[in-house]
Amino acid sequence: MNYSGIASLARILSKNSEMRMPEKKIYKALALIAVLGIMIPCTLIVGFISYVMTEALIEVENPGGGILFEVQILSAFSMVFGIMVIFSVLFFSSDREHFTTLPIASHDLMMAKFMYAYFAESVMEFMILVAVFAGYFIAIGKNEGILAALNPVSIISSIIGVVLLPLIPMIYCAIFSLILMNVLSGFKSTKMFYRLSTVFLLIFALLFVYSLRGIGDINMENYVESLGSGENSFLRVLNIIFFAVPWLSDAVAEGSILKLLLYLIANVTLLLILYYLGKLMYQNGLYTAASLGSSEKAEVKSCDIRDESQFKASLMKELRVILRTKAFSGNCAYINILWPLGAIGLLHFTKDKESMASFISLFSSGNDRAEMILFMIIIGIAFIATALNSLASTAFTREGQHLELIKFIPVPYETQMYAKAAVCVIFTYPMLLITDIVICIYMHASIYMCIFYAVIMLLSHIISIVVGMSMDSSAPYKEWDDEYSALRGNLNVFFNMAVMMVISVIVIALGLIMYELLKMPIFAYYVATFVILLGVMIRLIMIGPKIITKNMSELF
């Protein structure tokens, strides 16, 4: 294996395949907001969950059970969300033709692309894993003493785990990609490959639901008990799939050098298997990818151009780009369905549980604190849902290297901008409305409150759209290799999410101050929030389009 060559290629790919931080000062502030608004809160929450779960499992004399379950869940998510990334990076990145003409062994190129994708996709997971292990060691130190928590083998094992835990799921994804590109080379469409992530997600979801059988009431206490007893079927299946993870868990929990060595050997063995499979299959896979690309281009049929309004034509173009591109349709459009489905699932299965039934009763009886909590949830959903689907924050990034067409097609900037904004509304706001209706039905809210929530959601939604489009028009990510790179490598997506989370926290904090500290009635909080959001929305509508169109004129 050409280690130095693979490392050099991976460094080149990492430099050329990610969006660079724009030089504007505002982006430094946004980076700070992103760290404070997303990364640190997420890691703290995960660390706290790890701490609580470890404490609970210490009581049943299985302290490593919690950390095993958490890292296995992370492994499953790495595999589900990594399969399409690895597949695209290995076979459908735009640099494929360039690298294959160079005097580079195809399997070395494959390993370099794999290592680049591995580190690029795992940055956030590395931070989460640090929090998982930190929560575990804090719980062990509190319950068993500082010496038990500072076991050198355990600490070394956790550090190795942070770096290597996402590796095996990613290797599986790469192996699946290699095999499928060779076995299914007769298919003249990539749809078969692009459905894999959905298949894996459904499989793991069904396994998780299956693991709930026989635990009695579905709650955290019973689920943790099933983990401690070793009777959780979901965990047992994951222990088979990701067979090396239990060795790492034992190395951390027991300080076992032997288990740590077994874990390292397993990772090296799987990496070598990937390398030699690449020698056998990657070149043929590239040929298949090239033929798929050419066949798909040949299937494009010409059609008559019909006279229609410029706005309608621009809107239809945006809709086609999103719905006909797997990465955009799944991550930008269909992801919005999760909000009403999640609301139905959560409320339907918990409405008769003691805590949820009590909350519904309090809300129905007009309890101010219950009303305030639900209002805060509605605001959080509206802001986060709009930012999460990244429709606004990739409005211009989606154009990629064809961004110049914005300037040269005979359509005003304002018309193109409003078409991009309309797409955000079409795919997002109806799902927010359905979520609002579902919540109000289960909470027995009045029709007037349901309408009020819908208006608040609309104000929050528009604010998020304008902020996201302003960011992306200011510094779009143009040089992406594939559509998944356009989403995961776009800093505007990350920054917009952070800004929306911070705004949500500010609005929620306003309610806490008015109700808890100033002892003002809940109606005052409703009015203050409505006035503030309405004023912000009106101001953004007044200046936002001017900023965005000015940015559009300066893109070239």
Side-chain angles (χ1 to χ4, degrees), residues 50 53-54 57 62-83 85-87 111 114-115 117-118 121-122 125-126 128-129 132-133 136 153-154 156-180 196-197 199-211 223 226-278 281:
S50 178
M53 190 171 289
T54 302
L57 288 169
N62 185 18
I67 201 170
L68 174 61
F69 180 71
E70 289 174 279
V71 296
Q72 288 287 35
I73 287 289
L74 289 172
S75 297
F77 272 96
S78 294
M79 188 169 172
V80 168
F81 295 107
I83 178 65
V85 173
I86 292 292
F87 178 68
M111 291 302 295
F114 172 79
M115 296 309 298
Y118 169 67
E121 282 298 300
S122 304
E125 189 169 348
F126 292 151
I128 291 175
L129 286 168
V132 167
F133 288 115
Y136 168 81
V153 177
S154 298
I156 293 172
S157 300
S158 66
I159 294 172
I160 292 173
V162 167
V163 178
L164 293 186
L165 267 168
L167 184 61
I168 290 179
M170 289 295 196
I171 291 175
Y172 285 168
C173 292
I175 290 174
F176 277 129
S177 299
L178 286 172
I179 293 174
L180 285 169
L196 282 175
S197 57
V199 172
F200 286 143
L201 180 59
L202 289 174
I203 291 173
F204 285 124
L206 290 173
L207 287 173
F208 177 75
V209 172
Y210 180 73
S211 72
Y223 203 78
S226 73
L227 294 176
S229 64
E231 297 177 356
N232 188 285
S233 55
F234 182 50
L235 182 59
R236 288 205 299 266
V237 172
L238 291 181
N239 286 342
I240 295 173
I241 298 174
F242 308 109
F243 64 95
V245 173
W247 293 335
L248 177 70
S249 175
D250 290 342
V252 173
E254 303 169 5
S256 170
I257 297 177
L258 176 60
K259 295 295 180 64
L260 177 60
L261 290 175
L262 287 173
Y263 177 73
L264 291 172
I265 291 171
N267 278 271
V268 172
T269 302
L270 287 173
L271 205 57
L272 289 174
I273 290 173
L274 173 62
Y275 177 77
Y276 285 108
L277 282 176
M281 299 181 173

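Counting from 1, the numbers follow the sequence of the chain as shown.
- Note that the CG atom of Leu270 and the CD1 atom of Ile265 stand 12.0 Å from one another [nearest 0.5 Å].
- The side chain to side chain donor-acceptor pair (under 3.5 Å) pairs that include a residue from residues 262-271 number zero, where partners must be two or more places apart or lie in different chains.
- In this structure the side chain of Leu248 never reaches within 4.5 angstrom of the side chain of Val71, judged on heavy atoms.
- With sequence neighbours excluded, the residues that form a ring-ring contact (aromatic ring centres under 6.0 Å, His included) with Phe243 are Trp247.
- Using modelled atom types, one side-chain atom of Ser50 and one backbone atom of Val132 make a donor-acceptor pair closer than 3.5 Å.
- The main-chain N or O of Val252 is found under 3.5 Å from a side-chain atom of Ser154 such that the two form a donor-acceptor pair.
- Within the model, atoms CZ of Phe242 and CD of Gln72 stand 7.0 Å from one another, a figure rounded to the nearest 0.5 Å.
- When all heavy atoms are compared, the tightest approach of Ala76 to Leu238 is CB-CD2, 4.2 Å.
- How far CD1 of Ile175 is from CE of Met281: 9.5 Å, rounded to the nearest 0.5 Å.
- At most 12 heavy atoms of other shown residues, nucleotides or ligands fall within 6.0 angstrom of atom CD1 in Ile257.
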Apply the test side chain to side chain contact (heavy atoms under 4.5 Å, CB included) to residues Phe114 and Leu271: give CA-CA distance (whole Å), side-chain angles for both, the deciding distance (0.1 Å), then the verdict.
CA-CA 10 Å; Phe114 172 79; Leu271 205 57; 4.0 Å; yes
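- A salt bridge (Lys or Arg N to Asp or Glu O under 4.0 Å) check over residues 257-271, counting only residues at least two apart or in different chains, returns the pairs Asp250-Lys259.
- The side chain to side chain donor-acceptor pair (under 3.5 Å) pairs that include a residue from residues 157-176 number zero, where partners must be two or more places apart or lie in different chains.
- Among residues at least two apart or in separate chains, there is no salt bridge (Lys or Arg N to Asp or Glu O under 4.0 Å) pair with a member in residues 157-173.
- For the atom pair SG of Cys173 and CD1 of Ile86, the computed distance is 6.5 Å after rounding to the nearest 0.5 Å.
- With sequence neighbours excluded, the residues satisfying side chain to side chain donor-acceptor pair (under 3.5 Å) with Ser78 are Glu125.
- Between the Ser122 side chain and the Tyr118 main chain, a donor and an acceptor come within less than 3.5 Å of each other.
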Please tabulate, for the side chains in residues 159-171, all donor-acceptor contacts under 3.5 angstrom to protein atoms that are two or more places apart in sequence or on a different chain.
none

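- Residues Ser75 and Val245 meet the side-chain proximity criterion, which asks for heavy atoms closer than 4.5 Å.
- For the pair Met79 and Phe176, the minimum side-chain heavy-atom distance is below 4.5 Å.
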